[in-house]
Each structure stands twice: as C-alpha cells, then as structure tokens.
Amino acid sequence: MDKSLVNSITIWAAALCTLAIYSVLYKENKFYRFFEHIFIGLYGGYGVYITWHEILYPKWWQPMVGGQWWWIFAAVIGSMFYFMYSSKHAWISRVIFGLFMGFAAGGTFREFYETYWPQMASSMKPIAGTVPNIINVVVFYVILLAAMSYFFFSFEHKSVAIKSTAAAGRWFLMIGFGAMFGATVMGRMTLFIGRLNFLLNQWVPEVQSDIQYPWFQITSLIALLVLIAVGIFYIIRNRRYAKRAKEET
Amino acid sequence: MHSLNYIPLALASGRYSSLILLAYILGALVIGIAFLAGLMATPPRYRKIVVMLVTFAGGLYFSLEFLLPHNPIYIGKYMIPGSRGVANLANGLTAAKPSVADWAMIIGSFALLLGVSNLFQIHGKAVRKKTPGWYNSLAFFITFFLIMIVGFLKDYKLGFLGSHNAAAFQAGSGNLYNILFNGFVQSLDATMFSLIAFYIVSAAYRAFRVKSAEAALMMGTAGVIMLGLVPVGAWLTNWLPHTGFFASMRLEQITYWLLIWPNMAVQRAIDFGLGIGALAMSLRIWLSLERGSFFDRQL
Amino acid sequence: MGTMSEFANPAVYVVEGLLVFFILWKILSARRGRQLFIRRIPGLSVLDEAVGRATEMGRPMLYAPGLSGLDIVGLQSMAIMSHVIKHAANYSTRVIVPLADPVLYTVAEEVAKDAYTTQGVPEQFMAEDIRYLTSQQFAWASGVVGILHREKVATAFYFGYYYAEALILAENGQMVGAIQVAGTPAITQIPFFLAACDYTIIGDEYYAASAYLSREPTLLGSLVGQDYGKLLIIGLVLLGVGLVTLKVIEPHVPLLHGFNTFAYNLFLKYFPRT
Amino acid sequence: MNLLFKLQSIDRRILYVLIAVVLAVPLLKRPSKHPDNVFPEVRNAYNVIDSVPKGKIVLLSCSWGAGTKAENEPQLDALMRHMFQKHIKFVVFSWDAAGSEITYQSAKRIQDDMHAKYGVDWAHLGYKTGATNAIISGMGENFQKVMGQDRFGVKLSKLPAVSFVKNYKQIGAVVDITSVSLMGYWISYLTTPKNIPLIYCPTAVMSAGAYQYLDSGQLRGMLNGVMGAVQYETLIGRGHARTDAAATSWALSAAHIFIILLIVLGNLGYLAAKRAGIHTGGPRVG
C-alpha cells in the first residue's frame, strides 16, 4: 500500500472515530460505547508494546542476556505487584507499593526546600522603589496574608481583625479562581478547536479528493442508505417502547 | 525503521558462555523465588511490620541523600570524628542515583500489566457470561492484541519468509500500525478530551449563575482574563495609546497585571498550604502513621 | 546574593526540623487522646441548612463522593456523608449515594448503616440507595445525572476528588433546581463549583470539615501541626521583609550597616533572591 | 421578559451546533495575522533558548498525549524550529506512552521541513516511566547511563547530537511541555539545585498556577497553552505563516466572546425568572 492510500485510510478512520465519540453529545448510544472499548483496547495493547520496545527490551532484556545476569531480580521484584490479585498473599503487593510510596515520600525534604525556599525568598519584597512598585508590593502582601489566613483552622476566628482578614481572604481567592476559570476555558476550547480544525482542514479536503472515484461514490451511497435504515429502525422501536411504556403506567 | 533481531542469549564469546549465563540467570531466579516464598511464609502478625519497615527504608534514600552533610564538618581546625564517614556515605548515595534511576525505571515498567490485568478480568467476565454489551469487550480483546502484535511485527524481520516477503510483511504491519495508532488511538483520545469543551458551553449558559457577590467577583475576573489572553482583547482596547499612563488601561495590560500580582499572591498562598500539606502527607506515609484507611486494611 | 545550596544547609535543618516537629508532635499527642481544637468552618452550617431545606421540600438528597477511591480524600468524604445521613435520618429523608469505586462502595454501605443505627432508625437504611455505578468517568457522571432528573433531587452534595465531570453534575443539578453544596481539594475544579453551586468548601477546608466531623486523631493532629507550619512561613516572610527593607534604607542610615551584615549572614543568605 | 425566560430552555444540542459554527468560520478562513503583543514570560523563554551556549544541550521533556496535542504540539513546533534555526542541539523524550510516538512523528515532520538531520541536530530518546524523581536526579549525575539509548535502540554514545552530554554540566536548559504536574520534580531534582534555566509549556488549564514560580525565578519563561506558542512564533520570524496556532488563536477569540455572551444571557434569564417569582429551584443557602 503506497503512502497516500495509508494516509487517506488514516484520515477516514480518524473522522469516523471523532464523529462516533461526538455522537454521545446527542445521546449515550451503542456506537459511542463500542468505540470507547476500542480505544481502551488499543491504548492498552500499545502501552504493552511501547514499554517493552523502549524500556524493558533495551534496558533490561538486552543487558541481561548480554551478561548482566542480576537483572533477573528486577523481574522477581516486579512480579510482586501482581500478588494484588491473589486472595491469600495480596499483602505482598503492599510491600512493593510501600517501597515505591516510601521512595516518593522520602523526597519531601528536598522538594519542600527546592520548591518553597525560593518562594519565601521572593516573597521578601522591600516596600521601596517607584510608587507603582510600592503599590504592587503592598497589594501582594495584603492578598498573600489574607488568603493564607483563610486556611487557619486550629483557632477560633473570634476577634474582628481575624474574622475580617479571613473574609477578605476568601474574596481575594476569588481573583485567583477567576484566573483559573478563564485559563481552563481557554485550554478546553483549544482542544475542541483542534478536532474541528482536523475535520474541516484535513477530512473535508480528503472527501473532496475522494469524491471523483466511482468506487467511493458507490460505497458512500450504500453507507448512507444503511445509516438511514438504522435510524428509521431505532425511531420506530423507540416509539413502540414509548407507547408500550405509556400503556403500562 | 531499524529492525531489531530478537536473538535470545546472543553472547559475544565462547560456545559454552551462553549456557553458563543461563545457569547464572536461573540460579538467581531460584534465589528470587525463595525470597518470595519466604515473604509468603511470614506469619500475619509480622506482615504489617515488614510493610512499615520497607516503606521507611524506601523513604531513607532521598531524605538521607539530601539531609546528610556532604563534606566533613570542621570546628576551627578540629574535624568532628564521624563526619568524614557520614560525608562518604552521603556522597555514595548521590553517586548511586543513576543505578537507582535504572532500577526504579525497570521495576516501575513491570507494573505496566497491572492496569491491563484488571481490564482483562472485567472484560473476560463480560465475554464469558455474555452480559449485555459483551461484544464491546470482545472488541477490546481483538484491538488489544491486534495493535500489540502489529507493533512487534513491524520491528521484527521474519527471516524464514525469505527476505523479499519478510520486508513486505514488515512494511505492511508498519502501515497497519500507523493506521491503528494515528487513525484510532490519537483521534479517540483527542476527541474524548475535547468533550469537556461542550460541557463548558452548556454549563456557561445553564449553570454559571451569579448567585453571590463572590461569584460575581470570580466571574468578572475570569471574563477580563479570558478577553485579555486572546487577540480580540488587544483589539477591543486598541484605541488606547501604547505608552504612558493610559497604556496600563489596555485590556491585555490589565490581564497581565491581574495575573502577575493578585493571582500570583493567591496562588502562592494556596501553594504554601499545599506544600505544608504535602510535607505532612509524606511524613504520615513514610512513618506509616495513616489510620483507618488503605494502609490499615486487614493484612 | 547567596545561591540555593544543592544539599541541606543550617536553615533547612532549623526550619524543616521545626515543621516536622510541629506535625509529628501534634499527631502523636492527638493519638494519645489529647483533645485538639478545630474550628467549625462556615461551610458545615451551610451544609446543615441545605439538609434542612431538602426536608422541607420532601424530596430525596444526593451525596456524590466523585471518582475518589479508598484513599485519604475518599475516606474523608465518608465522614462527611455520615454527618449528612445522620442529619437526614432525623427528618427521615432519603440520601442517594452513587459511587465510582467498588471498594469505596463497600465502605460507604457500612458507614451509612452505622449512621442510621446511631440515630436509632436502622430501618431507614435502604441498600439500593447506596449504588456502585461504574468506574469510567463520564459514564459515572451520566449515571448521576440520570438520578438527579429521575428522583427530582432537592439537594445535591459533591464531596470528594473531582475532575472535569464536576461541570456536568453542577449543570444538571442547577436544571433540576437542586440546592448544591460542594467541597473538594481538587483546586482545578473549584472555579466551576463556585460558579454553579450555592456554596463551595475550598481546598484545605475540605480536610478541616472532615477532621471536625470524624475527630480522627492523625488528621486532627496533622491539620493543627500544619497551621503552626503556616504561621512559621508567615513569620519568616515578614522577618525577611523587615530585614530587606532595612537593607534598602541603609544608605540613609549608615549605622545600620553592622546589623544588616549580621542579619544577612544569619538569615538572608539562606533566602537567595534572583 | 418571558423571552429571556424562554431563552433559558434552549436545548443544549443547539448550543453545541452554534459553537461549532462560530468556530468553523475562523478555522476555514485561517487568518495568518499573529497577535501583536507578546507577554514578557514568552519573550523570556525565547531569550533563554537564544542564549544557550554552544557546547550545551536542551532537554525537551514532553509529558502529554493525543488528548492535549492541540495545545502542546504548537509549543513543541515553535521551540524546535527556533533551535533548528540557531543550530542548538536538543533531545526530545516522553513520559507519556502515546506521547512517545506522537512527539516523534511531530518532530520528524518539523525536521524534514527544516532540513535538519536526525542524530546530528537532535535525537528522540523515547518513553521513560517509573519513579520520576529518581530518573530526573539520576540523569543529572550520569545522563548516558540513565537515558541509555534512543527510541530505535541506538546507544547515545553513537549519536553526535547527544554523545557529548555526560551530566548536568552539559544541560543548557530544560523545557517542560506538559499536561500533568511534572514541573515540581524538575525544580526539586535538577533545575533549581544545579541552576539550569527551566521553561514551562503547560496546557492553559495549569498556567494560572505557575505565576508564583515565574516571580521566584524557578521558571525562567512560560508558553501559556496555544497562545504562548502563537506569540513565540512571532519571535522566530513566523509571524506571517498560516499556521494552525494562528488560526486557533482567532478561533479562541470567537469562542471566548461566545462563552461570555452565554454566561451573560444565562444570568439575565435567571434574574428575569427570579424577578418574575418563578423559582427554578428551592430557596437559596449560603
């Protein structure tokens, strides 16, 4: 199969999948459910292939058969994960999970230092310099301290001072959440724009170039007829169910 | 695509060295299985302690590597006796990082089948019991093995088919792999993620209600920033001068100020809270202080 | 200005030592039985108000713990659920709990049964109200949406870890006219809950709410220890601001020079500013 | 008044069609005009890459898959073209399984477009997984051992693009193109301790929470979603090319105006209903 044919089939497959998933926006249906399972299957199979091909084969299998026999221990330790499925010895999986969780938890001292020391350092802003800078620094401190005071739980917010700073803190938090709201909308819309861009600028040209092939015209005609027939069948069936449901109630 | 020949036990030197290596590997395997058997035999009351000790040992690596002083401590000219040993230990831990990384990467990769075996259980049951929609589970199995086999075949030259056929077979599986990956995997993943945009559109119209003053402040800020980030924002206030005082009234300048001062202060306040929370959480995991949860279940 | 050291320096030992001490000291004393104080966050009274409103309208309530499984967030959601159920049991109002994790489902059933019995009305517990729908994100969300519309739910509670499906629930809850109260440590979903729900419990408040209700010692001690930690951070920052401002005005006040170099070597050196 | 209230009950599927139409217009027109203003953090990212010294390499760490390709691929595209222009050597690798295949295909397309040579100008080191903190801190000590081989199994020592990289001393900058939170690991285990500049290219969802790291210098630049990529394109001389990113920026403008109108309309309908005493729900709380 030459390059352009593979490319055409890929674009048609992608368009079919895109429309199948978007059909869920109309109504949850079998078509969407079927393609969802295909995705889980493909993603799972691909994961096994890529992990073997790019990690386990070059970094474990080849060195082991090349002479470093001790790498077999990695397989033994790795197998401990799967004791999760044995009823009697499930606890052995907790040993390897515990090792990995401990491993991650042990990094907390370095992570706290490298992440929050520079944050504390850059929070030490001198209240000096040009007027706009002073305004910015004062705004920074008011918001930082008020927002932090909102998250104190071990003493009662009795005195008016604390109660009002905590209340102001919740107000200032709204500015931060507003920024996150705007950024999230921009991100999510970009993803849909990406799909629409594919449909309009890759699939539509593909359809236009395929339209002149006679075999394409025939198959698309047949596909259209099948789709209409299935649509009518479902509408009738649903109406019959609705009528029967009305009779029962 | 380079083809990788899977020639098991390819060995550089000597006729018997491959057998010797095989013996070594099998020997190590036996030791490993003995170790697992030993673990399985530990009586239930010691199991919790084993888990706690292993978790603690796991946590020791990075904490000691960071906390221990890396060069001997001197008071004036007098060196504290043990500190050279401690410094050597600390530097040893740092030098071990690459091999720790290797082992962590490989053992972590073995966990790849965990999610898969869970899926096999669910879909296997569906196919066996013919529960409604079992054909979906069948499709799961077919596509799972199809892309995996095609993935391996595109890299492996089937010598016994003769060089011409092998090359054609390899190219064919390469094409099928590309169709499956670019046609199906990419489009399904991208489209599923993009569904959220639709939920935002319908929620924007039917759910986002300004029911309180704080919701008004949040949505007002969101509106300004949404406009300021995209080209239309700059266009809306293009009539303002680029320099001087009024420049700061331009929409993208207001957005930028909101992001680098008020938003930055709020995010830092939240981040300090999260940082301390993460420190507390790591301590609770490392020292197995967790109660009444996943860690405490019946062993 | 000094640079960040690659390994621990004296300031790390002092500050992180204090943080670890606060957290462990409070956890261990809580586990030995000392009563630690956690204030009742305003969100909890809004929660009780929402339960009361639902009973007036005589419609069932929905409590959705999100996709959280048997982890810290999921278990804390169970503590809040128990509070809601105990409250609802007094007015014999049904509470429907759709779950996305089979393991948390079994825990939820036990917690619900226990909540009804402590209120003295074990017969009110209905097994079909605690339901495991599916583990798939959007399938679970559409299942919950079905419950919202079929049961014409009066109040909806969303407490747990949430992802993008928060939007779908909040929208449909709004369409059904339900009062919605949400609480989640998932910072990214809070803006949407704020926009769509009547009240939202934000970030660490979620842990405070469940600690207040469950009085679980590790959680209580950890929260109080973290408060001390935040105070320490604020103290360090304010101290730093003072010293840095002094440094800036040093040219006008020469005799500050000695103090400033002392302060730099003792403190500011460990907090490098680019 | 009841028009506003009736408007409230528009079927959501009509809204879906509307948004598709609103976005289709700019996407079909594909305007090539890039935005005029460039945010300082994008310019800082450009300056960092521009000033990477000769004997050093740039790490393009990708942790995204097909799900956020619309946001992360334009960032990868803009950065790679800049580095090919400046003949700065770089490697791409992926923490996401599917991302390993996707980033290679995207990179190969850009390599052919810029007439660069695989193995000499750049290399793709494939998929990495396992304990992230161990791998990042390990590659800082011994890059060749931890990263091992490229995605085709060729040892790094045989690839001129990366054979000279022994440890952190040869790393000129790290770029984190991501849809998950991996930045903390780079900051804690490589870039802050070894003082290597880190550029952050998140999906827009995560950008709001990064400004405190820009303020503290732990991040030396940021490309905020596709808008960051579009602005970066103007800096590398592609300000007039008809790129996907440019079309997306105009479609985003349309989308944001549409969303803001929906929110305003929805609230007007809600207020109208409330004033007309038709409570769409029970009494309010909180």
Side-chain angles (χ1 to χ4, degrees), chain B residues 1-2 4 61-62 65 94-95 97-109 112 181-182 185-190 192-194 197-198 200-202 204-212 219 223 225-227 229-235 252 256 259-260 263-265 267-268 270-271, chain D residues 8 10 12 15-16 19 33 35-37 39-40 65-70 98 101-102 105 128-131 133-135 137-142 145-146 148 152-154 204 208-212 214-215 224 227 249-250 252-260 262-263 265-267 270 284 286:
Chain B
M1 269 316 189
H2 307 280
L4 302 170
Y61 178 74
F62 274 112
E65 192 265 341
T94 305
K97 281 191 188 174
S99 35
V100 165
D102 267 0
W103 281 83
M105 190 189 292
I106 286 165
I107 294 174
S109 304
L112 76 97
F181 186 80
N182 297 331
V185 174
Q186 286 211 48
S187 60
L188 288 168
D189 193 10
M192 278 197 195
F193 253 77
S194 69
F198 288 98
I200 285 185
V201 165
S202 62
Y205 184 63
R206 294 154 38 132
F208 298 153
R209 294 290 179 266
V210 178
K211 288 197 271 282
S212 62
M219 300 245 266
I225 286 174
M226 271 164 71
L227 288 177
L229 287 176
V230 285
V232 79
W235 177 76
E252 72 275 9
Y256 191 64
L259 285 172
I260 62 166
N263 167 63
M264 185 270 287
Q267 299 294 346
R268 181 166 284 168
I270 295 173
D271 207 3
Chain D
Q8 266 223 312
I10 294 179
R12 60 189 168 87
L15 294 178
Y16 297 156
I19 186 77
K33 183 177 182 329
D36 318 329
N37 70 319
F39 281 141
T68 59
K69 181 176 178 182
E101 189 74 45
I102 297 167
Q105 286 177 13
K128 306 296 168 197
T129 187
N133 55 356
I135 297 167
S137 59
M139 79 169 74
E141 296 301 317
N142 184 341
K145 175 181 165 75
V146 173
F152 307 109
V154 176
Y211 281 93
Q212 68 265 32
L214 285 164
D215 175 68
N224 175 2
M227 285 316 298
S249 72
W250 288 103
L252 267 177
S253 298
H256 282 193
I257 293 174
F258 183 74
I259 295 267
I260 290 171
L262 281 184
I263 294 178
L265 213 59
N267 277 286
Y270 170 70
R284 294 297 110 188

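Below, all heavy atoms of this structure are taken into account, side chains as well, without hydrogens, waters or symmetry copies. Naming convention: chains lettered A, B, ... in sequence-line order (proteins, then strands); numbering from 1 in each chain.
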Among the listed options D/Ala210, D/Gly148, D/Ala254, D/Ala208, the residue most often paired with chain B at heavy-atom distances under 4.5 Å: D/Ala208
Any idea which of D/Ala70, D/Ala204, D/Ser249 has the most non-hydrogen atom pairs under 4.5 angstrom with chain B? D/Ser249
Among D/Ile259, D/Ile257, D/Leu252, find the one that has a side-chain contact (heavy atoms from CB on, under 4.5 Å) with B/Met226. D/Ile259
Atom group of B/Ser99 that falls short of 4.5 Å from chain D, counting heavy atoms: both
Can you say whether B/Ser187 sits under 4.5 Å from chain D via the side chain, the backbone, both, or neither, judging by heavy atoms? neither
Let's test your reading of the structure: which of D/Pro40, D/Ala131, D/Pro35 forms the most heavy-atom pairs below 4.5 Å with chain B? D/Pro40
No-hydrogen, no-angle side-chain donor-acceptor test under 3.5 Å, B/Gln267 and B/Asp271: no
Between D/Gly209, D/Gly140, D/Gly130, which residue shows the highest count of heavy-atom pairs closer than 4.5 Å to chain B? D/Gly209
For D/Ile135 and D/Thr129, the nearest pair of non-hydrogen atoms, with its separation, is CD1-O, 3.2 Å
Give a yes or no on whether the backbone of D/Tyr211 and the side-chain of D/Asp215 come within a donor-acceptor separation of less than 3.5 Å. no
Work out which heavy atom in B/Val230 is nearest to a heavy atom in D/Met227; give both atom names and the distance. CA-CE, 4.3 Å
Where on B/Phe62 is there a heavy atom nearer than 4.5 Å to chain D: the side chain, the backbone, both, or neither? side chain
Give the member of D/Ile102, D/Asn37, D/Ile19 that has the highest number of heavy-atom pairs under 4.5 Å with chain B. D/Ile102
